[in-house]
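Predicted, not measured: the structure shown is a model, and the values here were computed from it. Residue numbering restarts at 1 for every chain, and letters A, B, ... go by the order of the sequence lines.
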Amino acid sequence: MSGRLGLPRCDRHVSAPNSSQHDPTQPGWTMHRYRSHTCGEVSAADVDVDVRMSGWLHNRRDLGGVLFVDLRDHYGVVQLVVRPESPAYEPLTSLPKETVVRIDGRVLRRAAENVNPELSTGEVEVEVGDVEVLGSCAALAFNVFPDDRVSEEKRLTYRFLDLRRQRMHHNIMLRAAVIRSLRQKMNDLGFTDIQTPILSAPSPEGARDFLVPARLHPGRFYALPQAPQQFKQLLMVAGFDRYFQIAPCFRDEDSRADRSPGEFYQLDIEMSFVEQEDVFQIVEQVLTDVFHEFAPDQETTSPYPRISYRDAMARYATDKPDLRAKLELVDVSHIFRDSEFRAFAGKNVRALPVPGCSDKPRSFFDQVQEFAVERGAQGLAWVRIDERGELAGPIAKFLTAEDAEQLVAEVKGEPGTAVFFGAGDQTDVTRVMSEVRVEAAKRTDLFEENVFQFCWIVDFPMYEKGEDGTIEFSHNPFSMPQGGLDALQTQDPRDILAWQYDIVCNGVELSSGAIRNHSPEVMYEAFRIAGYSREQVDYEFGGMTRALHYGAPPHGGVAPGLDRIVMLLAGESSIRETIAFPLNQNAQDLLMGAPTEIDEERLKELHLSIRKPQTRGSGSTDSQQG
RNA sequence: GGCCCAGUGGCGCAGUCGGUUAGCGCGUCGCCCUGUCACGGCGAAGGUCGCGGGUUCGAGUCCCGUCUGGGUCGCCA
């Protein structure tokens, strides 16, 4: 894998610390205790130079009369050659891999036929004269090299080994480089990097908070911030104009492959005196630049198309569409409202026209259907439009001629187009068909590879109906409603849109943001509709509402998820591959043993007593973990 | 909280219809090998199949429960 960072295969980084500024020809020169050169550094220019290097025993090839050892450090890999006459021969034949050693030796040019083009140091090798063990290595839980598959549990338990592996080492370095680049760009654009508190107050809306008991205040708790949302708005009120932060966010929610349990990072941004377009311009520039910089071989679409929430739900059945899939859904419920066909009548029916299916075998349709059923669909009906423009297929006979005609017209069906149908309850159909759309595209080569397809999802509804029929905020309660106070007072809450937007890339929600509500009157009214009294708002969001009374500028922002950005750039499908020390799915740190039980003394100090759940097996510290 | 998948030497996996000596690759150990770079060759050690119960003449295999891990739905303003 020749690097996304533009580095050759085994190079781990660009520049080395100490080393070559030491000049042996100068008086008073002494060899550094551990190294004159790093492992990635020696080259043909160093031939015949005496060097000292330290690193890990990466791999060994013992040919009997000559021994080759690969020595690895952060910067690269170099081949050591050891002859039986050398005092280093005996130890280096027997030391376990991953032992840390210091070696002294001389750089030799390799014969032309022995050059390894895979290695940046492949033109040379180091003939070893002396070796010293700096760190011995016990029997490995798994190979660092070659890179075998290992369960994630093992990898996390021995994360320090896992992180030595090239892929992980590369991902972590990529993450650092992305952060460095983002900071640079934000600074260049005039944004100020400001820290916000980690110990803060709970947020009544949103996800579950992590809580921290307050020793000085019995019965009270701090909460870790789910995002610095209110603080960044307060910074705007304080007049800082443009804020950013690589901000840690803590949410006590269940994990997913693209959602880290516990904590994650956002490039948190807020700007004053802006409208939606101003925010878009900045973020789009920063993200596009970063994707170009770190994925130069993949196309990144810009400008990003804007899709309204309503449109996205209609055409893609999701508010995070993967635009690499070149298919769109069509809502055809109305055609079948009074149909004789029981499976469709009166239900939510989504059609997915797929062109170019005239020569697809029956198995294609069966496989797509199977895919849908695995995801909980009742079934997946389909028809095919034949050369005469008429419908064929298992359910064609259930459709009247008029229905068929209308259907073909609405899906703009050409001969050879197949149409899949999802029918049923709105929520289920939406969930399944959004995935079927992508799957069908992949199976018909209507899925574009090697591209980052960004889009903005805009015009999110301000409110939605909760399960109990009450009106709730559908996103951020601090968003400005489109139409302002007037809209709140005159429109049906469910029709009100917010200045609320998401960035989606390849089906991954990268970012959410909004133009904020900076007017206290609009704020109280917005909360009133969601069932909050003025007093409640003042109590639960006191800091915010107080600030809005003292001259708040119009402002807005956005917060792209850093982990997901790195995940996309690294080509990984799990966010945990981009985090040095992630929690596992059950929010445990298998290496450090968190969370742990706390002894009685400290609980007492915190004014806490533990009430374990009644259910069997849940006091689960009887596992092997210490 | 629900659902799906997995758990077999140190690691990754195979194990048919329930059938007697549980295989393979990597690693480990021993021997050989002077130009390899995932070196190669020969040989050896190492597992009672996550745990508990059940069905059966007989269970790695079937059933129930449970634990652990991954995925997913709910959840994620």
Side-chain angles (χ1 to χ4, degrees), chain A residues 9-10 58-70 77-85 89 94 96-98 108 110-119 121-122 125 138-158 161 203-209 226-227 229-230 249-261 264 374-376 427-428 431-432 435 460 462-464 466-467 472-479 498 500 509 512 514 526-527 530 541 561 573-574 576 584-586 588 590 613 615-618 620 622-625:
Chain A
R9 187 158 174 273
C10 278
H58 183 62
N59 199 22
R60 171 172 27 230
R61 293 169 295 283
D62 189 345
L63 276 59
V66 61
L67 170 67
F68 297 104
V69 178
D70 293 330
V77 174
V78 65
Q79 171 164 285
L80 310 180
V81 57
V82 197
R83 309 281 172 187
E85 314 81 80
Y89 187 78
S94 55
K97 283 199 213 178
E98 297 304 314
L108 304 179
R110 295 202 204 183
E113 67 272 22
N114 288 331
V115 166
N116 183 352
E118 300 280 291
L119 238 49
T121 58
E125 59 196 357
L140 292 167
F142 52 82
N143 292 336
V144 171
F145 180 89
D147 194 343
D148 302 329
R149 269 184 55 94
V150 188
S151 71
E152 203 164 330
E153 185 179 7
K154 275 281 179 303
R155 291 176 54 203
L156 292 176
T157 307
Y158 296 90
L161 291 179
S203 40
E205 290 280 329
R208 196 176 296 113
D209 291 307
Q226 296 183 25
Q229 179 64 39
Q230 294 188 60
C249 304
F250 306 89
R251 295 179 192 175
D252 187 4
E253 294 294 335
D254 291 349
S255 74
R256 290 290 182 277
D258 68 350
R259 194 203 299 165
S260 181
F264 61 96
E374 274 171 16
R375 274 148 193 80
T427 326
D428 296 339
R431 188 172 52 74
V432 173
E435 293 191 67
F460 277 85
M462 183 83 186
Y463 301 100
E464 63 190 11
E467 278 171 18
E472 301 172 351
F473 289 109
S474 64
H475 270 73
N476 188 326
F478 303 122
S479 297
Q500 167 84 42
E509 183 188 318
S512 195
F527 271 95
F541 306 98
S573 52
S574 168
R576 291 187 297 274
N584 71 1
Q585 187 168 51
N586 294 318
Q588 296 164 301
L590 298 177
T615 47
R616 65 279 178 265
S618 22
S620 60
D622 45 337
S623 66
Q624 314 87 314
Q625 280 299 319

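Atom CG of A:Leu156 is separated from atom P of B:rU68 by 16 Å (rounded to the nearest Å). For the pair A:Leu119 CG and B:rC37 P, the computed distance is 13 Å after rounding to whole Å. The distance from atom CZ of A:Phe145 to atom C1' of B:rC39 is 12 Å, rounded to the nearest whole Å. If you measure from atom CG of A:Asp258 to atom C1' of B:rG71, you get 12 Å, rounded to the nearest angstrom. With rounding to whole Å, A:Gln585 atom CD is found 12 Å from B:rC5 atom C1'. Atom CD in A:Glu153 sits roughly 14 Å away from atom P in B:rG50 (whole-Å rounding). Atom CZ of A:Arg61 and atom P of B:rG40 are 10 Å apart (whole Å).
Residue A:Arg259 has its side chain nearest to B:rC75 when only B:rG71, B:rC75, B:rA38 are considered. Out of B:rC37, B:rA38, B:rG69, the shortest distance to the side chain of A:Asp70 is found at B:rC37.
Between A:Arg259 and A:Asp254 no salt bridge is recorded (no basic side-chain N to carboxylate O distance below 4.0 Å).
For B:rC3 and B:rC13, the P atoms lie 25 Å apart once the distance is rounded to whole Å. B:rC5 and B:rG10 are spaced 28 Å apart, taking the P atom of each and rounding to whole Å. Separation of the P atoms belonging to B:rG69 and B:rA59 is 30 Å when rounded to the nearest angstrom.
Note on A:Gln226: nothing from the nucleic acid sits closer than 4.0 angstrom, heavy atoms only. Here A:Arg155 lies out of heavy-atom contact (under 4.0 Å) with every strand. Backbone-only contact: A:Ala257 has heavy atoms under 4.0 Å from sugar-phosphate atoms and none from a base.
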Sugar-phosphate atoms are those with a prime plus P, OP1 and OP2; base atoms are the rest. Using that split, label each nucleotide of nucleotides 7-15 of chain B B, S or - for protein heavy atoms under 4.0 Å, 5' to 3'. ---SSSS--
Below 3.5 Å between N/O atoms, which protein atoms pair up with nucleotides 33-35 of chain B? Just atom names and distances, please.
unit_1: B:rC33; atom_1: N3; unit_2: A:Asp62; atom_2: O; d: 3.2
unit_1: B:rC33; atom_1: N3; unit_2: A:Gly64; atom_2: N; d: 3.4
unit_1: B:rU34; atom_1: OP2; unit_2: A:Gly65; atom_2: N; d: 3.4
unit_1: B:rG35; atom_1: O2'; unit_2: A:Asn114; atom_2: OD1; d: 3.2
unit_1: B:rG35; atom_1: O6; unit_2: A:Arg83; atom_2: NH2; d: 2.0
unit_1: B:rG35; atom_1: N1; unit_2: A:Glu125; atom_2: OE2; d: 2.9
unit_1: B:rG35; atom_1: N2; unit_2: A:Glu125; atom_2: OE1; d: 2.6
unit_1: B:rG35; atom_1: N2; unit_2: A:Glu125; atom_2: OE2; d: 3.0

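Remark: B:rG47 base-pairs with no nucleotide; criterion is Watson-Crick or G-U wobble with both hydrogen-bond distances under 3.5 Å.
The side chain of A:Asn586 places an N or O atom within less than 4.0 Å of a non-bridging phosphate oxygen (OP1 or OP2) of B:rG69.
Proximity of A:Ser512 to A:Gln500: side-chain heavy atoms (C-beta onward) are separated by under 4.5 Å at one or more points.
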